[in-house]
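Taking it in order: structure first as structure tokens, then the write-up.
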Amino acid sequence: MDIYKSILRPILFSGLKAEPEFLHHQVMQILRWLAEDRKSFPPSLIRDYFQQTCCLSDERLKQTLWGLSFPNPIGLAAGYDKDGEALSVWSNFGFGFAEVGTVTLEAQPGNPHPRLFRLPRDLAVLNRMGFNNQGAAAMAKRFSLFAREKIAQKIPIGINLGKSKVTPLEKAAADYLGSFRLLKEWGDYFVVNVSSPNTPGLRSLQESSQLATIFDAIQQENQGQKPLLVKIAPDLDWEAITQIIELTKTYQLSGIIATNTTISRDGLKTKIIDKTGKSVKEEAGGISGAPLRQRSTEIIRFIWQQTQGTLTIIGSGGIFTAEDAWEKIIAGASLVQVYTGLIYEGPWMIRRLNEGLLQKLSERGLSNISQAIGLEK
């Protein structure tokens, strides 16, 4: 029996009638406790329990990308652990990597409440959080603390960088660079996030000339030491995506994350948000989850075809089952990330995804997940 889906999710979704963001904060408080109080009882017992029930180790799922070892292709997407509070815990849930943030140079509270809504009929989440976080300096301090206490990170940790809301768009490059300088020692890879719909004007930075100034600033500082990726919106047209692909070549980026949340409301079954009584179309914010699945896969396929598989792609959007993950991998994604699926399916979904991927490999006579990347061609 799946404890989460049969018992915990019904309580979280309806029984407590609590705001989704409040519940998320409660979950993060527990995870922070598990991360910081590793050796005492009961945190150690709880960690061991999740390690035994969520994790799956198999050589066929392992890959090496950018010199980093990924034990499996399932990662945690940015947005869940915004401040890196649970750095050492994510491996216990079976993830092959985790991405923290989005973090900005300046600490900021984000947008007014309420700003996070579940859309259960669509297996989706609508959010307009607005990069609420404690700032890059606070995150660097947390990484440093974990390092001093010799708390090992067993999986690669990426850091997702955003622009501070108070920073004018024309000074965006300096803002991203400031965060990178504070954190470059700690992240295994870095992501330039210019695709959230919840910071005014941010998506305009996806325009090629704007992106160029950001990449130029960071890469001059980086000197090729850390993998640098860009996260793009699903609402871009093919021409805009092509221009970004060209910029990844010019500035020697290590990959693209496809994709962020969508501002589209097409095809949603949910018309009214229960908490507000407003139409979904009236509520600002980005949609994640199942409605994003097809579009994100289409973009992965397009990038793979345009680059002939030379650019690493991380697929994100609507992954709930092994079939969902597999579709993105055979379309061209080397790795995939989950966020909304974790909310609806619970922590044991990671093991189910990896088990399902192993079954797919067996059915096709493949010996490693890397052989499946772009296979649908």
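Keep in mind the model is a prediction, meaning the values are calculated, not measured.
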OG1 (Thr312) and CD1 (Ile257) are apart, to the nearest 0.5 Å, by 11.0 Å
Using only heavy-atom distances, determine whether the side chains of Asp324 and Thr321 contain a donor-acceptor pair under 3.5 Å.
yes
Counting only N and O atoms by type, is there a donor-acceptor contact under 3.5 Å from the side chain of Arg128 to the main-chain atoms of Ala284?
yes
So, for Ser296 and Gly317, which heavy atoms are closest and what is the spacing to 0.1 Å?
OG-O, 3.3 Å
Salt bridge check: are Glu106 and Lys165 linked by an N-O gap of less than 4.0 Å?
no
Side-chain contact test, heavy atoms from C-beta onward, threshold under 4.5 Å: evaluate it for Glu345 versus Val338 and give yes or no.
no
Name all residues meeting the side chain to side chain contact (heavy atoms under 4.5 Å, CB included) criterion together with Glu355; count only those two or more places apart in sequence or in a different chain, and write none if there are none.
Leu56, Arg351
Are Ile155 and Leu357 grouped together when hydrophobic residues (ILVMFWY) are joined by side-chain heavy atoms under 4.5 angstrom apart?
yes
Check: Asp81 side chain, Gly84 main-chain N or O, donor-acceptor pair, under 3.5 Å:
yes
Please name all residues satisfying side chain to side chain contact (heavy atoms under 4.5 Å, CB included) with Arg32, sequence neighbours left out, ordered by chain then number.
Gln29, Glu36, Glu85
Under the side chain to side chain contact (heavy atoms under 4.5 Å, CB included) criterion, do Leu205 and Tyr176 qualify, and how do the steps go?
CA-CA 12 Å; Leu205 297 177; Tyr176 282 99; 4.2 Å; yes
Restricting to non-hydrogen atoms, name the atom on Ala35 and the atom on Phe146 that form the minimum distance, rounded to 0.1 Å.
CB-CZ, 4.0 Å
The side chain to side chain contact (heavy atoms under 4.5 Å, CB included) partners of Gln225 (sequence neighbours excluded) come to Asn222, Gln223
Pick one: which of Pro156, Pro227, Ser69 meets side chain to side chain contact (heavy atoms under 4.5 Å, CB included) with Asp188?
Pro156
Atom CG in Leu161, atom NZ in Lys231: separation rounded to 0.5 Å?
12.0 Å
Please walk me through it: do Tyr344 and Met349 pass side chain to side chain contact (heavy atoms under 4.5 Å, CB included)?
CA-CA 9 Å; Tyr344 282 93; Met349 79 171 293; over 6 Å; no
If only side-chain N and O atoms count, and only distance matters, is there a donor-acceptor pair under 3.5 Å linking Gln206 with Gln210?
no
Please check if the side chain of Arg47 supplies one atom and the backbone of Leu34 the other of a donor-acceptor pair under 3.5 Å.
yes
Going from CD1 on Ile343 to CG on Leu123, what distance comes out if it is rounded to the nearest 0.5 angstrom?
11.5 Å
Keeping the roles fixed (side chain from Arg203, backbone from Ser195), state whether a donor-acceptor pair exists under 3.5 Å.
yes
When you measure from the side chain of Thr242 to the backbone of Trp238, do you find a donor-acceptor pair of N or O atoms at a distance under 3.5 Å?
yes
Decide yes or no for Trp304 and Ile373: does some side-chain heavy atom of the first lie under 4.5 Å from some side-chain heavy atom of the second?
yes
Considering non-hydrogen atoms only, spot the tightest contact between Ala325 and Ile74 and give its length.
CB-CD1, 4.5 Å
Going by heavy atoms in the side chains, are Cys54 and Ile350 under 4.5 Å from each other?
no
Set of side chain to side chain donor-acceptor pair (under 3.5 Å) partners for Lys184, sequence neighbours left out:
Glu221
How far apart are the closest heavy atoms of Ala86 and Leu31, and which atoms are they?
CB-CB, 3.8 Å
Between CG on residue Leu358 and NZ on residue Lys360, distance to nearest 0.5 Å
12.5 Å
Closest non-hydrogen atom pair, Gly94 against Asn354
O-ND2, 3.9 Å
Rounded to the nearest 0.5 Å, how far does CG of Asp175 lie from CG of Leu105?
5.0 Å
Is a donor on one side and an acceptor on the other found under 3.5 Å between the side chain of Lys328 and the backbone of Val336?
no
pair Gln108-Asn133: side-chain heavy atoms closer than 4.5 Å:
yes
Among the clusters formed by ILVMFWY side chains lying less than 4.5 Å apart, do Ile303 and Leu229 turn up in the same one?
no
Do the side chain of Glu207 and the main chain of Ser204 share a donor and acceptor less than 3.5 angstrom apart?
no
Start with the C-alpha gap between Trp348 and Phe50, add the side-chain angles, then the distance that decides, and say whether ring-ring contact (aromatic ring centres under 6.0 Å, His included) holds.
CA-CA 9 Å; Trp348 290 278; Phe50 282 113; 5.8 Å; yes
Ala124 meets the side chain to side chain contact (heavy atoms under 4.5 Å, CB included) criterion, sequence neighbours left out, with Leu119, Asp122, Ile287, Pro291
Donor-acceptor under 3.5 Å (Ser164 side chain, Val166 main chain)
no
CZ (Arg301) and CD1 (Ile299) are apart, to the nearest 0.5 Å, by 11.0 Å
Under a 4.5 Å side-chain heavy-atom rule over Ile, Leu, Val, Met, Phe, Trp and Tyr, are Ile214 and Ile232 clustered together?
yes
Tell me whether the NZ or CZ atom of Arg293 lies within the 45° cone about the ring axis of Trp326 and under 6.0 Å from its centre.
no
Less than 4.5 Å apart, any side-chain heavy atom of Leu65 and any of Phe97?
no
Contacts of type side chain to side chain donor-acceptor pair (under 3.5 Å), residue Thr248, not counting sequence neighbours
none
Heavy-atom side-chain contact between Gln243 and Leu211 under 4.5 Å
no
Looking just at side-chain N and O atoms, do Gln220 and Asp216 make a donor-acceptor pair shorter than 3.5 Å?
yes
Transitively linked via ILVMFWY side-chain contacts under 4.5 Å: Ile369 with Leu335?
no
ILVMFWY cluster, Tyr80 and Ile157 together (side-chain gap under 4.5 Å):
yes
Evaluate side chain to side chain donor-acceptor pair (under 3.5 Å) for Asn193 paired with Asn260, printing each intermediate quantity in order.
CA-CA 9 Å; Asn193 184 349; Asn260 212 318; 3.2 Å; yes
Does Lys141, at its NZ atom, have more than 12 non-hydrogen atoms belonging to other residues, nucleotides or ligands within less than 6.0 Å?
no
Which atom of Tyr339 lies closest to which atom of Gly79, heavy atoms considered:
CE1-C, 3.6 Å
Could you tell me whether the side chain of Thr259 reaches within less than 4.5 Å of the side chain of Arg295, counting heavy atoms only?
no
Is there a donor-acceptor pair under 3.5 Å between the side chain of Asn72 and the backbone N or O of Gly96?
yes
From Pro120, Ser288, Pro20, residue fulfilling side chain to side chain contact (heavy atoms under 4.5 Å, CB included) relative to Val125
Ser288
Whether Phe70 and Trp66 hold their rings parallel, tilted or perpendicular, with breakpoints at 30° and 60°
perpendicular
Between Leu183 and Phe190, is any pair of side-chain heavy atoms under 4.5 Å apart?
yes
Could you check whether any side-chain N or O of Gln134 sits under 3.5 Å from a backbone N or O of Asp83, counting only pairs where one atom can act as donor and the other as acceptor?
no
